[in-house]
Amino acid sequence: MPKTCDVVVLLSGTGSNLQALIDSTRTGDSPARIAAVISNRADAYGLQRASDAGIDTRALDHKAFEGREAFDAALIELIDAFNPKLVVLAGFMRILSAGFVRHYQGRLLNIHPSLLPKYKGLHTHERALEAGDTEHGCSVHFVTEELDGGPLVVQAVIPVELQDSPQSLAQRVHVQEHLIYPMAVRWFAEGRLALGEQGALLDGQLLAASGHLIRN
Ligand code: GAR
């Protein structure tokens, strides 16, 4: 059994991905341990989920800072007090400064509700429907300085149904997010996943550009 891998989770909202991570680290055989959950919004429901699970929480209001760099510097200080091996963005709706991203290079993961590189940014489900896509999904990737652009670790693909609305699509994508994020975090915690020069490595092998692909 590998050593424990302390994880800090950053979020801004509901925290259903956090809940999936909490549930997966409670199974007893995962080396990942969520050391703290930090939000830029004190009223984020994800903080409640964390404290219900007995996990340390912190809120750091970005509006109290003059600019992104100052907020990110304070955030780094808060995160590093927990000495995590991995930082996980789980619906953290802030653009991170280059300095922040560099500080956590190779140990910063994000989940995004689209099949990247398609639909970076917001309103991904609406955009997939408007484009008439027959497939949609979600992606876990290492964070680099390019927004939603870092090397892909895993993607889950779902078919788009004729009657889908943004809401129904979001719901089915969420189910997949809750499967692939714990999987990627576990790989990292087990020492199987790393960021190499050319991209994401799983068990020492370079992953395909799409990451590990799961088709539904
Ligand atoms: C998730 O769908 C996640 O993919 C998305 O925010 C949602 C958070 O849901 N993240 C992004 O759009 C980041 N660009 P949750 O709070 O229920 O986990």
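Residue indices begin at 1 and follow the sequence shown. Order of listing sets the numbers, starting from 1, for every ligand and every atom in it.
Ile95 belongs to a hydrophobic cluster with Leu147, counting contacts under 4.5 Å between side-chain heavy atoms of Ile, Leu, Val, Met, Phe, Trp and Tyr, direct or through other members.
Atom 11 (C) of ligand 1 has its nearest heavy-atom neighbour, among Pro113, Ala20, Gly13, in Pro113. The heavy atom nearest to atom 15 (P) of ligand 1, out of those in Gly91, Ser16, Ser12, Ser139, is found in Ser16. Closest heavy-atom approach to atom 16 (O) of ligand 1 within the set Gly15, Ser114, Ala90: this belongs to Gly15.
By the 6.0 Å contact criterion, CD on Glu126 is enclosed, its count of non-hydrogen atoms from other residues, nucleotides or ligands being greater than 12.
Annotation for Ala53 and Arg26: closest pair O-NH2, 2.9 Å, computed over non-hydrogen atoms.
Here His141 and His112 keep their ring centres 6.0 angstrom or further from each other.
A salt bridge links Asp29 with Arg186: the closest approach of a Lys/Arg side-chain nitrogen to an acidic carboxylate oxygen falls below 4.0 angstrom.
Both tests pass for Arg94 against the ring of Phe71: distance under 6.0 Å to the centre and angle within 45° of the axis.
Against a heavy-atom cut-off of under 4.0 Å, Thr14 is close to the following atoms of ligand 1: 16 (O), 17 (O).
For atom 14 (N) of ligand 1, the closest non-hydrogen atom on the protein side is His112 ND1, 3.1 Å. Glu177 OE1, 3.1 Å is the protein heavy atom nearest to atom 1 (C) of ligand 1. The closest protein non-hydrogen atom to atom 9 (O) of ligand 1 is His174 NE2, 3.4 Å.
Proximity of Ile111 to ligand 1 is established by a heavy-atom distance of less than 4.0 Å. For the ligand labelled ligand 1, residue Met93 lies inside the 4.0 Å heavy-atom shell.
For the residue pair Ser114 / His136, no side-chain donor-acceptor distance below 3.5 Å is found, with atom types taken as modelled.
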